[in-house]
Undergrad: 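The following block contains the structure, expressed as structure tokens.
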Amino acid sequence: MSEQPLNPSPAGTPDDAAAGTAPAAPGPSAPGPTGSTAADALPLPAEPASDAASDAAPGALSDEDAAARRAASFERARRLRQEPRFPGGPAADPAGSHHERRIRSFQPRRSRVTTGQQESLERLWPQWGLDIDGKRVLDLAELFGGLPVVLEIGFGMGEATAQMAADDPGTGILAVDVHTPGQGNLLGLAEKAGSTNVRVANGDAVILLREMLAPESLDGLRVYFPDPWPKARHHKRRLIQPDFLDLVAPVLRPGAIVHCATDWEPYAEQMLEVLTAHPRFENTAADGGYAPRPAFRPLTRFEGQGLDKGHVVHDLLFARV
């Protein structure tokens with residue numbers, strides 16, 4: 001699954017249009033040689049050229065004009081990134097000015113959206129979708145009709161999330177991601193299964209945890225197959241870090257389960273180390289290690305392919321104390 005969410009990652013998106021430069025408007029045409037005389041053919045005295053004009057190639061822009069055009073191009077690209085792709089659907093930049101400079105664990109991107117996904121977004125987002133704008137505290141009891149709620153960060157295309165929602169209609173799932181095709185796909189799958197216990201949140205999970213959830217309002221957290229950021233210099237971008245757990249602990253009820261899963265062995269080791277060291281979480285595995293995959297977590301197609309290749313998947317289940 002793709003990671004939400006958290007965060008945050010602030011890179012340009014693949015579909016961002018690079019604004020072109022419009023050709024210069026033609027100047028007024030010179031009058032034709034009506035009534036020309038021999039004197040008209042004599043060369044006119046040359047006007048002194050400025051230093052800048054003498055150095056510049058024909059048709060070249062001045063430094064000031066080039067800088068102005070670059071600034072306009074960047075501004076057009078910035079506005080494009082902020083424009084919603086679907087009217088009434090998920091916003092391109094829901095938090096806006098709430099985006100502070102910090103390391104993020106995700107890379108927002110615009111990918112191709114199928115006709116079915118687009119239709120689901122346009123029709124179902126007003127009912128089951130919400131933007132993480134950092135401007136309000138969510139009333140989860142109202143949002144989910146009083147059901148206990150678990151937060152899932154990074155759901156990919158939503159197949160596993162939709163199956164868990166259908167298998168356990170008594171639990172609400174607040175599913176967070178920034179991947180627009182996945183958001184549309186999950187909405188469509190939930191509707192097809194008749195599941196009304198899923199809400200899709202668009203944006204940075206860090207802002208959601210920090211500003212939009214009431215204390216002890218969640219009954220669980222699920223982080224399945226987050227981006228492992230395998231290069232050493234990118235380890236700081238991994239989601240499961242002490243600072244992240246500091247945000248998670250206050251919004252979980254005592255006894256709530258943090259459930260992580262990964263097929264990247266070094267990341268599993270880091271998860272185990274970080275969760276074990278945190279004073280607000282306790283390992284539910286008797287031996288203090290990894291847990292068997294619980295029956296409620298579906299075996300996804302992606303996970304099955306990894307297992308066929310010999311990958312080892314580790315589940316971690318820690319209770320909030």
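The first residue of the sequence shown is numbered 1, and numbering continues consecutively from there. Remember, predicted model here, so these are calculated numbers, not experimental data. Keep in mind that the numbers below use all heavy atoms, side chains included, and drop hydrogens, waters and symmetry copies.
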Undergrad: Work out which heavy atom in Leu247 is nearest to a heavy atom in Pro250; give both atom names and the distance.
TA: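 Heavy atoms of Leu247 and Pro250 come nearest at O-CD, 3.3 Å.
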Undergrad: Mind checking the CG-CG spacing from Leu209 to Asp246? Nearest 0.5 Å is all I need.
TA: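 One finds 11.5 Å between CG of Leu209 and CG of Asp246.
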Undergrad: Should Val176 and Leu189 be regarded as members of a common hydrophobic cluster, given that ILVMFWY residues are connected when their side-chain heavy atoms come within less than 4.5 Å of each other, either directly or indirectly?
TA: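 As far as the 4.5 Å side-chain criterion goes, Leu189 and Val176 are not connected within one cluster.
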Undergrad: Just wondering, more than 12 heavy atoms not from Glu282 lying within 6.0 Å of its CD?
TA: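 Counting neighbours around CD of Glu282, 12 or fewer heavy atoms of other residues, nucleotides or ligands fall under 6.0 Å, so no.
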Undergrad: Flag the pair Asp263 / Phe225 as yes when at least one side-chain heavy-atom distance between them is below 4.5 Å, and no otherwise.
TA: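 The answer is yes; the side chains approach within 4.5 Å.
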Undergrad: With a 4.5 Å heavy-atom cut-off, do Phe144 and Leu174 have their side chains touching?
TA: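 The answer is yes, as the side chains (C-beta and beyond) meet within the 4.5 Å cut-off.
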Undergrad: Please report the interatomic distance CG(Leu140) to CZ(Arg199), rounded to the nearest 0.5 Å.
TA: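 Between Leu140 CG and Arg199 CZ, I get 10.5 Å after rounding to 0.5 Å.
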Undergrad: Keeping the roles fixed (side chain from His259, backbone from Leu316), state whether a donor-acceptor pair exists under 3.5 Å.
TA: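 No, His259 side chain to Leu316 backbone: no donor-acceptor pair under 3.5 Å.
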Undergrad: Looking at Pro90, is its backbone amide N or carbonyl O close enough to the side chain of Asn202 to form a donor-acceptor pair, meaning the two atoms are under 3.5 Å apart?
TA: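 Answer holds: no.
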Undergrad: Contact between Trp229 and Leu239 at the side-chain level, heavy atoms closer than 4.5 Å - yes or no?
TA: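 Result no, sub-4.5 Å side-chain heavy-atom pair not found.
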Undergrad: With side-chain contact (heavy atoms from CB on, under 4.5 Å) as the test, would you mind laying out the steps for Met212 and Asp133 before giving the verdict?
TA: CA-CA 9 Å; Met212 297 181 66; Asp133 55 15; 3.7 Å; yes
Undergrad: Rounded to the nearest 0.5 Å, how far does OG1 of Thr262 lie from CG of Asp227?
TA: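 If we round to the nearest 0.5 Å, Asp227:CG and Thr262:OG1 are 9.5 Å apart.
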Undergrad: Using only atom types and a distance under 3.5 Å, with no angle test, would you say the side chain of Gln183 pairs donor to acceptor with the backbone of Trp125?
TA: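 Absent.
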Undergrad: Just verifying a value: how many Å separate Thr300 OG1 and Met157 CE, rounded to the nearest 0.5 Å?
TA: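 Reported to 0.5 Å precision, the distance equals 13.0 Å.
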Undergrad: Find out whether Leu138 and Leu130 are in side-chain contact, i.e. whether some heavy atom of one side chain is under 4.5 Å from a heavy atom of the other.
TA: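 A side-chain contact under 4.5 Å exists here.
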Undergrad: Shortest non-hydrogen contact from Ala256 to Leu218?
TA: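 Heavy atoms only, the tightest pair is CB-O, 4.0 Å.
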Undergrad: Nearest heavy-atom pair of Ile153 and Ala205: which atoms, and what distance?
TA: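 Closest pair (atom of Ile153, atom of Ala205, distance): CD1-CB, 3.9 Å.
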Undergrad: Any Lys/Arg nitrogen of Asp139 or Arg136 sitting under 4.0 Å from an Asp/Glu carboxylate oxygen of the other?
TA: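 Salt bridge: no.
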Undergrad: Between the side chains of His314 and Tyr267, is a donor N or O closer than 3.5 angstrom to an acceptor N or O?
TA: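 No pair is found: no donor N or O on one side chain lies under 3.5 Å from an acceptor on the other.
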Undergrad: Check whether any side-chain N or O of Glu216 sits under 3.5 Å from a backbone N or O of Pro254 as a donor-acceptor pair, and report yes or no.
TA: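 Here the side-chain-to-backbone pair does not exist.
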Undergrad: Show your reasoning for whether side-chain contact (heavy atoms from CB on, under 4.5 Å) applies to Leu299 and Leu307.
TA: CA-CA 10 Å; Leu299 183 67; Leu307 293 173; 3.7 Å; yes
Undergrad: List the residues meeting side-chain hydrogen bond (donor to acceptor under 3.5 Å, both in side chains) with Arg233, not counting sequence neighbours, and say none if there are none.
TA: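 Once residues adjacent in sequence are excluded, Arg233 has no partner under the side-chain hydrogen bond (donor to acceptor under 3.5 Å, both in side chains) criterion.
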Undergrad: How does the hydrophobic cluster around Ile257 look, that is, which other residues are in it when side-chain heavy atoms under 4.5 Å mark a link?
TA: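 Traced through the cluster, Ile257 reaches Leu317.
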Undergrad: Would you say the side-chain atoms of Asn283 pair up with the backbone N or O of Gly289, donor to acceptor, closer than 3.5 Å?
TA: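 Looks like yes, one N/O pair under 3.5 Å.
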Undergrad: Using the side-chain contact (heavy atoms from CB on, under 4.5 Å) rule, take Glu269 and Glu265 through it: C-alpha gap first, then chi angles, then the decisive distance, then the call.
TA: CA-CA 6 Å; Glu269 294 170 355; Glu265 185 79 25; 3.8 Å; yes
Undergrad: Do other residues, nucleotides or ligands put more than 12 heavy atoms under 6.0 Å from the CD atom of Gln305?
TA: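 Atom CD in Gln305 is crowded, with more than 12 foreign heavy atoms closer than 6.0 Å.
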Undergrad: State yes or no: do Val321 and Leu245 share one hydrophobic cluster built from I, L, V, M, F, W and Y residues joined by side-chain heavy-atom distances below 4.5 Å, directly or via other members?
TA: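 No.
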Undergrad: Any side-chain heavy atom of Arg222 within less than 4.5 Å of one from Val150?
TA: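 Result yes, sub-4.5 Å side-chain heavy-atom pair found.
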Undergrad: Report yes if the side chains of Val312 and Tyr290 come closer than 4.5 Å at any heavy-atom pair, otherwise no.
TA: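 No. Closest side-chain heavy atoms not under 4.5 Å.
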Undergrad: Please say whether more than 12 non-hydrogen atoms of neighbouring residues, nucleotides or ligands are located less than 6.0 Å from CD in Glu273.
TA: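 Incorrect, the count does not exceed 12.
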Undergrad: Out of curiosity, Leu121 CG to Leu187 CG, how far, rounded to the nearest 0.5 Å?
TA: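 The CG atom of Leu121 sits 6.0 Å away from the CG atom of Leu187.
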Undergrad: I need the minimum non-hydrogen distance between Ile207 and Gly134, along with the two atoms involved.
TA: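 Scanning both residues, the minimum pair turns out to be CG2-CA, 3.8 Å.
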Undergrad: Apply the test side-chain contact (heavy atoms from CB on, under 4.5 Å) to residues Phe296 and Thr171: give CA-CA distance (whole Å), side-chain angles for both, the deciding distance (0.1 Å), then the verdict.
TA: CA-CA 12 Å; Phe296 66 81; Thr171 297; over 6 Å; no
Undergrad: Over all heavy atoms of both residues, which pair between Gln118 and Val113 is shortest? Give the atoms and the distance, please.
TA: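 Minimum heavy-atom separation between Gln118 and Val113: N-CG1, 3.6 Å.
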Undergrad: Distance-only, no hydrogens or angles: does the Arg238 side chain make a donor-acceptor pair with backbone N or O of Pro228 under 3.5 Å?
TA: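 It does hold such a pair.
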Undergrad: Is Met164 close to Phe155 at the side-chain level, that is, under 4.5 Å between some pair of heavy atoms?
TA: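 The answer is no, as the side chains (C-beta and beyond) never meet within the 4.5 Å cut-off.
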Undergrad: Nearest 0.5 Å, what's the CD-CG distance between Gln270 and Leu275?
TA: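 Gln270 atom CD to Leu275 atom CG measures 10.0 Å (nearest 0.5 Å).
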Undergrad: Taking the side chain as every heavy atom from C-beta outward, state whether His311 and Trp264 have any pair of such atoms under 4.5 Å apart.
TA: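 Not in contact.
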Undergrad: Does Val251 belong to the same Ile/Leu/Val/Met/Phe/Trp/Tyr cluster as Leu151, with side-chain heavy atoms less than 4.5 Å apart forming each link?
TA: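 Yes, because Val251 and Leu151 connect within a single hydrophobic cluster, where side-chain heavy atoms sit under 4.5 Å apart.
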Undergrad: Tell me whether Asp315 is salt-bridged to Arg293, with the criterion being a basic N under 4.0 Å from an acidic carboxylate O.
TA: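 No salt bridge links Asp315 with Arg293.
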Undergrad: Show the nearest heavy-atom pair for residues Glu303 and Val313, with the distance to one decimal.
TA: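 Heavy atoms only, the tightest pair is OE2-CG1, 3.6 Å.
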Undergrad: Asp167: which residues meet the side-chain hydrogen bond (donor to acceptor under 3.5 Å, both in side chains) condition with it, sequence neighbours left out?
TA: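 Partners of Asp167 by the side-chain hydrogen bond (donor to acceptor under 3.5 Å, both in side chains) criterion come out as none, since no residue qualifies.
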